[in-house]
Amino acid sequence: MKRIVVLASGSGSNAENIIKYFQKNATIKITHVLSNKKDAKVLEKAKKHNINSLYFNTSFLTSEEGLLSFLKEHADYIVLAGFLQRIPKIIVSTFPNKIINIHPALLPKYGGKGMYGMHVHKAVVENKETKTGMTIHFVNENYDEGAIIFQQSVPILPNDTPKVVAVKVLALEHAFFPKIIEKVINEQR
Ligand code: GRF
């Protein structure tokens with residue numbers, strides 16, 4: 001059994017989608033959803049599906065007895081589904097090629113500090129890009145720079161607003177993220 005711990009900071013539509021996808025999987029299991037935001041909707045969503053949900057603060061994130069030891073005990077894989085804090089180096093080096101992130105753009109473009117959520121989609125529209133998409137990648141010490149596992153693009157039409165682009169990208173995330181997580185895990189067995 002491979003156990004996945006999901007870290008998320010926001011509404012958790014990806015987390016919920018992943019939970020549902022693996023519900024009936026006999027060899028891959030979502031064991032916990034953790035959030036650095038006490039009131040994050042993702043925690044309610046996890047509870048609704050009977051997944052352990054836990055809020056943690058910054059000192060838990062960065063201390064060795066905190067998140068690192070929790071993950072060592074509970075996780076084979078860590079999935080970041082809209083997690084807005086940097087993962088400490090010690091966690092990254094303890095879990096090489098086991099931490100998977102999703103980013104709502106075609107990296108290496110539109111990545112890095114400050115590039116999250118609507119900031120990404122606004123920048124993409126302002127720059128008159130004709131396509132955008134999403135990137136699933138392994139996490140390394142540098143934000144949004146780990147090895148790319150999978151990308152999928154979608155066209156941007158001339159009148160698309162950032163909100164429209166956000167909806168298109170989220171649909172791609174929901175369609176592909178669980179499948180790609182499953183593929184990575186099965187290929188590493
Ligand atoms: C997604 O766009 C994801 O790419 C980004 O954060 C967003 C999370 O959305 N990293 P949700 O909380 O899963 O609805």
Side-chain angles (χ1 to χ4, degrees), residues 4-23 28 30 33-37 39-46 48-49 77-87 92 97-187:
I4 301 175
V5 171
V6 175
L7 305 188
S9 306
S11 75
S13 70
N14 275 290
E16 185 171 36
N17 184 48
I18 293 164
I19 289 169
K20 285 185 180 162
Y21 185 87
F22 288 109
Q23 249 161 8
I28 300 172
I30 311 297
V33 171
L34 269 48
S35 182
N36 62 315
K37 291 252 172 70
D39 54 358
K41 292 256 176 352
V42 67
L43 292 176
E44 288 164 32
K45 289 191 172 127
K48 195 174 90 189
H49 294 285
Y77 286 86
I78 299 148
V79 166
L80 309 183
F83 184 65
L84 294 180
Q85 275 186 308
R86 193 186 289 263
I87 300 295
V92 175
N97 292 340
K98 304 283 186 224
I99 310 178
I100 304 170
N101 185 41
I102 189 158
H103 186 81
L106 296 171
L107 292 174
K109 280 180 143 186
Y110 303 103
K113 209 169 185 329
M115 275 294 158
Y116 62 90
M118 287 305 288
H119 298 289
V120 174
H121 307 305
K122 276 186 191 146
V124 162
V125 169
E126 268 164 26
N127 288 343
K128 306 206 181 326
E129 297 285 356
T130 54
K131 66 173 185 177
T132 185
M134 58 103 194
T135 302
I136 296 168
H137 65 96
F138 289 118
V139 172
N140 71 5
E141 291 92 70
N142 299 320
Y143 237 76
D144 296 335
E145 284 178 19
I148 290 174
I149 303 165
F150 180 83
Q151 289 186 304
Q152 182 72 41
S153 63
V154 63
I156 301 179
L157 304 179
N159 290 326
D160 282 356
T161 60
K163 272 193 179 165
V164 169
V165 172
V167 170
K168 288 182 176 180
V169 171
L170 198 63
L172 288 183
E173 296 186 19
H174 291 170
F176 289 101
F177 201 16
K179 286 184 191 157
I180 298 299
I181 294 167
E182 185 177 31
K183 189 163 178 273
V184 167
I185 294 175
N186 287 333
E187 282 176 2

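Distance alone, capped at 3.5 Å, places no donor-acceptor pair between the Ser35 side chain and the Ala40 backbone. Side-chain atoms of Glu145 do not come within 3.5 Å of backbone N or O of Asn140 as any donor-acceptor pair.
Here the straight-line distance linking atom CD1 of Ile18 with atom CD of Glu182 works out to 12.0 Å at 0.5 Å rounding. Separating the CD1 atom in Ile149 from the CD1 atom in Ile100 is a distance of 5.0 Å, to the nearest 0.5 Å. Distance check, rounded to the nearest 0.5 Å: CG of Asn186 to CD1 of Ile181 gives 12.0 Å. The distance from the CD1 atom of Ile136 to the NZ atom of Lys179 is 11.0 Å, given to the nearest 0.5 Å. Taking CD1 of Ile30 as the reference point, atom CD1 of Ile4 lies at 4.0 Å (rounded to 0.5 Å). Once rounded to the nearest 0.5 Å, the distance linking CD1 of Ile185 with NZ of Lys98 reads 9.0 Å.
Two residues are said to be in side-chain contact when any heavy atoms from C-beta on lie closer than 4.5 Å; Asn17 and Glu173 fail this criterion. Between Thr161 and Val125 the shortest side-chain heavy-atom distance does not fall below 4.5 Å.
A side chain to side chain donor-acceptor pair (under 3.5 Å) with Glu16 is found for exactly one of His49, Lys45, Lys41, namely His49. Of the residues listed (Asn127, Asp144, Thr135, Thr132), the one engaging Tyr110 in a side chain to side chain contact (heavy atoms under 4.5 Å, CB included) is Asn127, and it is the only one.
Residues Lys122 and Glu126 are not paired through a salt bridge, judged by the lack of any N-O separation under 4.0 Å between the basic side chain and the carboxylate.
Looking at every heavy atom in both residues, Ala8 comes nearest to Val42 through CB-CG2, 3.8 Å. The two residues Gly133 and Leu172 have their closest heavy-atom pair at CA-CD1, 4.0 Å. In terms of heavy atoms, Gly111 sits closest to His103 at CA-NE2, 3.8 Å. Nearest heavy-atom pair across Ile148 and His137 is CA-CB, 3.9 Å. Heavy-atom minimum distance, Met134 versus Val169: CB-CG1, 4.2 Å. Scanning both residues, Ile19 and Ala46, for their nearest heavy atoms gives CD1-CA, 4.1 Å.
Within 6.0 Å of atom CZ in Phe22, more than 12 heavy atoms from other residues, nucleotides or ligands are found, so the atom counts as buried in its surroundings.
Residues satisfying the salt bridge (charged side-chain N to carboxylate O under 4.0 Å, His left out) test with Lys168, not counting sequence neighbours, are Asp160.
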Practice task
Mind running side chain to side chain contact (heavy atoms under 4.5 Å, CB included) on Leu157 and Val164 for me, showing each step along the way?
Solution key: CA-CA 10 Å; Leu157 304 179; Val164 169; over 6 Å; no
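Residue pairs that meet the ring pair (Phe, Tyr, Trp, His ring centres under 6.0 Å) test with at least one member in residues 163-187, sequence neighbours left out, are Phe150-Phe176.
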